[in-house]
Amino acid sequence: MRVLLVDDEQELVATLAERLEMRGIEAAWAVDWPGAQALLQKQDFDIALLDVRLAELNGLELKRRIEALYPQMKFIFLTGHGSEDDFNACSAEKGCTDYLIKPVQIDILIQKLQESVQ
């Protein structure tokens with residue numbers, strides 16, 4: 001499984017990618033749309049793990065941009081805010097397989113990733 005992680009908290013996303021790699025899941029990360037776009041041009045991903053609230057672009061808009069290029073991509077959203085509005089917006093999105101609140105437990109994340117790509 002190959003996972004793209006996009007979160008504007010660089011330390012968090014780098015650590016999360018490292019933890020996934022330690023468990024045998026290929027992971028690449030970016031902190032914004034240009035970085036994610038560059039990674040998407042270099043390799044294929046099975047699923048994208050997106051922060052709902054990014055500095056320049058929200059996660060839903062990022063999902064739509066990625067999906068326009070890769071319509072089969074699956075998505076899981078992360079948020080540190082956990083608002084009901086965020087949950088409802090993400091849940092209504094086609095292709096969104098899950099919504100997790102940070103800090104996410106790695107075992108739960110791995111389970112959700114595996115369920116999403118089956």
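Heavy atoms only: backbone and side chains are in, while hydrogens, waters and symmetry mates are out.
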Check residues 36-43 and write down every donor-acceptor pair under 3.5 Å in which the side-chain atom is one partner and the other belongs to a residue at least two apart or another chain.
none

- Kindly determine whether V104 and K112 satisfy side chain to side chain contact (heavy atoms under 4.5 Å, CB included), including the steps that lead there. CA-CA 11 Å; V104 63; K112 298 296 183 181; over 6 Å; no
- Message: Would V3 and W29 count as a side chain to side chain contact (heavy atoms under 4.5 Å, CB included) here? Give the steps.
- Response: CA-CA 8 Å; V3 180; W29 60 270; over 6 Å; no
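A continuous path of Ile, Leu, Val, Met, Phe, Trp and Tyr side chains, each step under 4.5 Å between heavy atoms, connects L57 with Y70, placing both in one hydrophobic cluster. One hydrophobic cluster, built from ILVMFWY side chains closer than 4.5 Å, cannot hold both I106 and L12; they sit in different ones. Both V6 and L69 belong to a common hydrophobic cluster when Ile, Leu, Val, Met, Phe, Trp and Tyr are linked at side-chain heavy-atom distances under 4.5 angstrom. By the rule that hydrophobic residues join a cluster once side-chain heavy atoms approach within less than 4.5 Å of another member, L60 and F45 end up as members of one cluster.
The side chain to side chain donor-acceptor pair (under 3.5 Å) analysis of residues 6-25, with sequence neighbours excluded, yields the pairs D7-K102, E9-K102.
Proximity of a side-chain donor or acceptor of N58 to a complementary backbone N or O of V52 within less than 3.5 Å is not detected. A donor-acceptor pair is defined here as one N or O able to donate and one able to accept, closer than 3.5 Å; no such pair exists between the side chain of D51 and the backbone of L54.
Taking CD of E61 as the start and CZ of R65 as the end, the distance is 5.0 Å to the nearest 0.5 Å. In this structure, the separation between CD1 on I76 and CG on L100 is 6.0 Å, given to the nearest 0.5 Å. Rounding to the nearest 0.5 Å places OG1 of T79 at 7.5 Å from CD1 of I101. In this structure, CG in L109 is found 7.0 Å from CD1 in I25, a value given to the nearest 0.5 Å.
Screening L50, L16, V13 for a side chain to side chain contact (heavy atoms under 4.5 Å, CB included) involving L78 leaves a single residue, L16.
Inter-residue side-chain proximity for L113 and D46 is flagged as unmet; no heavy-atom pair is nearer than 4.5 Å.
Within 6.0 Å of CD in E56 there are 12 or fewer heavy atoms belonging to other residues, nucleotides or ligands.
Contact detail for G35 and A30: the closest heavy-atom pair is C-CB, 3.5 Å.
In this structure Q114 satisfies the side-chain hydrogen bond (donor to acceptor under 3.5 Å, both in side chains) test with no other residue, sequence neighbours excluded.
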